[in-house]
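Taking it in order: structure first as structure tokens, then the write-up.
Read the numbers this way: they start at 1 and go in the same order the structure lists the ligands and their atoms. Along the sequence shown, the residues carry numbers beginning at 1. These figures come from a predicted structure and were not determined experimentally. Excluded from the calculations below are hydrogen atoms, water molecules and symmetry mates; all remaining heavy atoms, backbone and side chain alike, are included.
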Amino acid sequence: MGLIFAKLWSLFCNQEHKVIIVGLDNAGKTTILYQFLMNEVVHTSPTIGSNVEEIVVKNTHFLMWDIGGQESLRSSWNTYYSNTEFIILVVDSIDRERLSITKEELYRMLAHEDLRKAAVLIFANKQDMKGCMTAAEISTYLTLSSIKDHPWHIQSCCALTGEGLCQGLEWMTSRIGVR
Ligand SMILES: Nc1nc2c(ncn2[C@@H]2O[C@H](COP(=O)(O)OP(=O)(O)OP(=O)(O)O)[C@@H](O)[C@H]2O)c(=O)[nH]1
Ligand SMILES: [Mg+2]
């Protein structure tokens with residue numbers, strides 16, 4: 001009985017959790033994905049389509065889809081939505097002009113049937129840039145406190161140094177098994 005339980009438990013623990021990494025072009029999504037994977041900064045060019053990698057954090061397996069954020073690609077984000085457990089929304093904290101577009105995209109995603117069970121991690125990226133918005137400012141602008149039907153968390157980070165990324169992943173692992 002104990003052995004069966006242990007096997008079931010290990011199956012459960014090794015289950016893969018689907019994550020989509022979204023956000024406007026130039027937000028730093030691909031840089032974040034490869035920091036997760038290799039702990040280093042890779043040279044990126046704008047993503048056309050997507051990159052997918054498996055990231056393992058403390059025995060938890062995440063299958064992460066990094067999706068291109070250019071305007072022409074955003075209408076196809078929804079083809080990645082089914083079975084998504086986590087949305088990572090990456091915000092370029094220096095890009096004040098386009099935060100309203102990020103907000104539109106966020107609420108469009110949250111209203112989508114395929115994402116109704118997804119939790120949302122917002123990375124306020126590029127915190128190394130002088131004059132950038134803080135996570136609190138971004139949270140207020142995006143009216144995150146009004147989101148009641150999805151668990152959410154905002155984390156400031158810098159993908160170039162990796163600062164803040166682990167805390168974001170820790171929040172994700174802490175959500176597993178809650179729902
Ligand atoms: N200063 C600074 N630059 C960053 C940071 N994160 C990413 N970048 C830079 O921002 C640029 C865009 O990064 P990408 O990771 O390619 O952006 P993306 O969100 O994947 O863009 P698309 O694939 O076009 O959607 C690159 O030059 C990165 O080096 C950061 O935290 N700080
Ligand atoms: Mg990219």
Heavy atoms of other groups near Glu163 CD, more than 12 under 6.0 Å: no
Polar side chain donor-acceptor pair, Thr30 to Thr47, under 3.5 angstrom: yes
Tally of protein N, O or S atoms, where distance to the Mg ion (ligand 2) is under 2.8 Å: 2
For ligand 1, the residues whose heavy atoms come within less than 4.0 Å (ordered by chain, then number): Leu24, Asp25, Asn26, Ala27, Gly28, Lys29, Thr30, Thr31, Thr44, Pro46, Thr47, Gly68, Gly69, Asn125, Lys126, Asp128, Met129, Cys158, Ala159, Leu160
Flag for His61-Glu54: side-chain donor and acceptor within less than 3.5 Å: yes
Aromatic ring pairing His112/Tyr81, orientation class (parallel under 30°, perpendicular over 60°, tilted between): perpendicular
Electrostatic pair Arg98:Asp25 at N-O distance under 4.0 angstrom: yes
Between Thr143 and Tyr107: side-chain donor-acceptor atoms closer than 3.5 Å: yes
Nearest atoms (heavy-atom pairs only) where Ile20 meets Tyr80: CG2-O, 3.7 Å
Carboxylate-amine/guanidinium proximity below 4.0 Å for Glu113 and Arg116: yes
Atom of Lys29, atom of Leu24 and distance for their closest heavy-atom approach: NZ-O, 2.8 Å
